[in-house]
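Here the structure is laid out as structure tokens; the discussion comes afterwards.
Chain naming here is simple, since letters A, B, ... match the order of the sequence lines and numbering starts at 1 in each. What you see is a predicted model; the values in this text were computed from it and never measured.
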Number of protein chains: 2
Amino acid sequence: MPTHYKGNSEEIRALNTYIKLTRAADSFQSRLNSHKTQGELSPTQFGVLEALYHLGTMSQGEISAKVLKSSGNITLVIDNLEKPGLVRRMRDEHDRRMVQVVLTQQGRELIEELLPGHVQAIAEEMCALEPHEQEELGRLCRKLGTYQSS
Amino acid sequence: MPTHYKGNSEEIRALNTYIKLTRAADSFQSRLNSHKTQGELSPTQFGVLEALYHLGTMSQGEISAKVLKSSGNITLVIDNLEKPGLVRRMRDEHDRRMVQVVLTQQGRELIEELLPGHVQAIAEEMCALEPHEQEELGRLCRKLGTYQSS
DNA sequence: CGATAATATTTCAATATCAAATGTTTTGAT
DNA sequence: ATCAAAACATTTGATATTGAAATATTATCG
């Protein structure tokens with residue numbers, strides 16, 4: 001389903017690539033969600049818990065940068081993770097502007113319980129591509145994702 | 001920034017590809033938004049207007065499928081496009097369950113005004129990749145995006 | 001013909017999301 | 001040392017988003 005836009009060939013190529021990239025990411029995410037491997041957690045909550053699990057205690061600002069969401073959003077997400085006791089807020093001793101967020105034992109157990117199924121679901125959906133295609137897709141995405149224009 | 005997950009090599013490859021794909025799509029979208037080429041429109045509103053412009057009048061269900069959002073969401077988005085008179089709802093005569101959404105003259109003029117700058121911004125950000133890389137990324141995304149598992 | 005199934009939209013509750021404004025705390029320049 | 005600027009988190013207000021349940025219409029089939 002290519003674009004109908006009438007522009008020069010460079011624009012048309014870029015637009016078609018953009019559309020396919022967006023649709024691939026969206027549909028992959030939606031297929032992944034249908035596996036129900038994230039328990040009661042929202043995608044962002046899951047991402048935050050996963051980041052804390054793999055990278056250890058972080059400030060909210062670091063979490064924000066890691067999961068690519070606004071700081072205001074992270075405040076709310078941490079609120080909602082704190083309620084059921086999955087994480088705990090701790091004011092930083094050395095720099096009292098910051099709040100360090102630590103994974104509780106409950107949070108750790110939950111993410112350890114969910115992660116294997118989640119990774120397996122990703123692997124299943126990624127079967128659409130051969131191993132070398134996955135590598136190439138990753139390389140191109142990485143190149144595109146880290147580009148700094150202007 | 002590879003994963004720290006300890007799984008088999010197939011899982012690790014899939015997970016890394018997934019992370020890169022997601023981050024590329026997210027960061028591309030956020031860079032694109034910073035160009036402010038969508039006027040007052042939210043990304044979804046823009047997408048709906050664009051779809052109506054290129055594909056013509058559609059029912060809400062068709063729009064939902066086209067822009068990959070839930071039907072409940074589309075109801076709200078159409079509400080918000082109808083308020084400033086960019087689209088108009090028309091109950092389908094032959095099947096009164098459906099609502100056809102038509103682009104108004106105002107909506108058409110708005111999207112025609114915004115589209116060139118938007119496409120140009122996409123082309124600029126896509127410069128991170130060589131033409132043949134864009135083609136390859138598009139091919140892989142398409143293959144992944146249309147995959148039916150299970 | 002009429003009950004039931006299928007389809008389309010809407011409503012609802014909960015969370016997500018951002019940008020802008022606000023309040024603390026820290027840093028850096030003089 | 002002081003004070004302006006920067007950095008960080010939170011709040012606020014608006015819209016987006018989803019999934020599930022409710023509603024309305026149409027299609028199917030015994």
Under-4.0 Å side-chain N/O to phosphate OP1/OP2 contact, [X] with [N]:
X        : N       : answer
Gln45(A) : dT15(C) : no
Asn80(B) : dA16(D) : yes
Ser70(A) : dA19(C) : no

Rounded off to whole Å, could you give me the [atom1]-to-[atom2] distance for the [X] and [N] pair?
X        : N       : atom1 : atom2 : value
Arg91(B) : dT9(C)  : CZ    : P     : 8 Å
Leu41(A) : dA16(C) : CG    : P     : 10 Å
Glu40(B) : dA19(C) : CD    : C1'   : 13 Å
Asp79(B) : dC12(C) : CG    : P     : 13 Å
Gln38(A) : dA16(C) : CD    : C1'   : 14 Å
Glu62(B) : dT7(C)  : CD    : P     : 14 Å
Lys69(A) : dT17(D) : NZ    : P     : 11 Å
Ile78(B) : dA16(D) : CD1   : P     : 11 Å

_Pairing of Arg139(B) and Glu136(B) as salt bridge, 4.0 angstrom limit_ = yes
With the side chain defined as heavy atoms from C-beta on, Arg97(A) is closest, among dT9(C), dT24(C), dT7(C), to dT24(C)
Side-chain contact check for Leu76(A): nearest option of dA16(C), dA9(D), dT9(C) is dA16(C)
Contacts of Gly61(A) and Ser71(B) projected onto DNA chain D by closest heavy atom; the upstream (5') one is Gly61(A)
Between Gln100(A) and Lys36(A), whichever has its closest DNA chain D nucleotide further toward 5' is Gln100(A)
Exactly one candidate in Asn8(A), Ile12(A), Leu15(A) meets side chain to side chain contact (heavy atoms under 4.5 Å, CB included) with Val119(B); the answer is Leu15(A)
dT24(C) base / Arg96(A) side chain donor-acceptor hit below 3.5 Å:
no
Between Gly72(A) and His94(A), whichever has its closest DNA chain C nucleotide further toward 5' is Gly72(A)
Would you mind classifying the nucleic acid contact of [X] as base, sugar-phosphate or nothing, using non-hydrogen atoms under 4.0 angstrom?
X        : value
Thr44(A) : sugar-phosphate
Asn33(A) : nothing
Arg89(A) : sugar-phosphate
Ile74(A) : nothing
Asp92(B) : nothing
Asn73(A) : base

The reported gap from CD in Gln45(B) to CG in Leu81(B) (rounded to nearest 0.5 angstrom) is 5.0 Å
Taken to the nearest 0.5 Å, the spacing of Gln134(A) CD from Cys141(A) SG works out to 11.5 Å
Spell out, as yes or no, whether a donor-acceptor pair under 3.5 Å connects the side chain of Ser64(B) to the backbone of Gln60(B).
no
For Glu135(A) and Arg13(B), the nearest pair of non-hydrogen atoms, with its separation, is OE2-CD, 3.5 Å
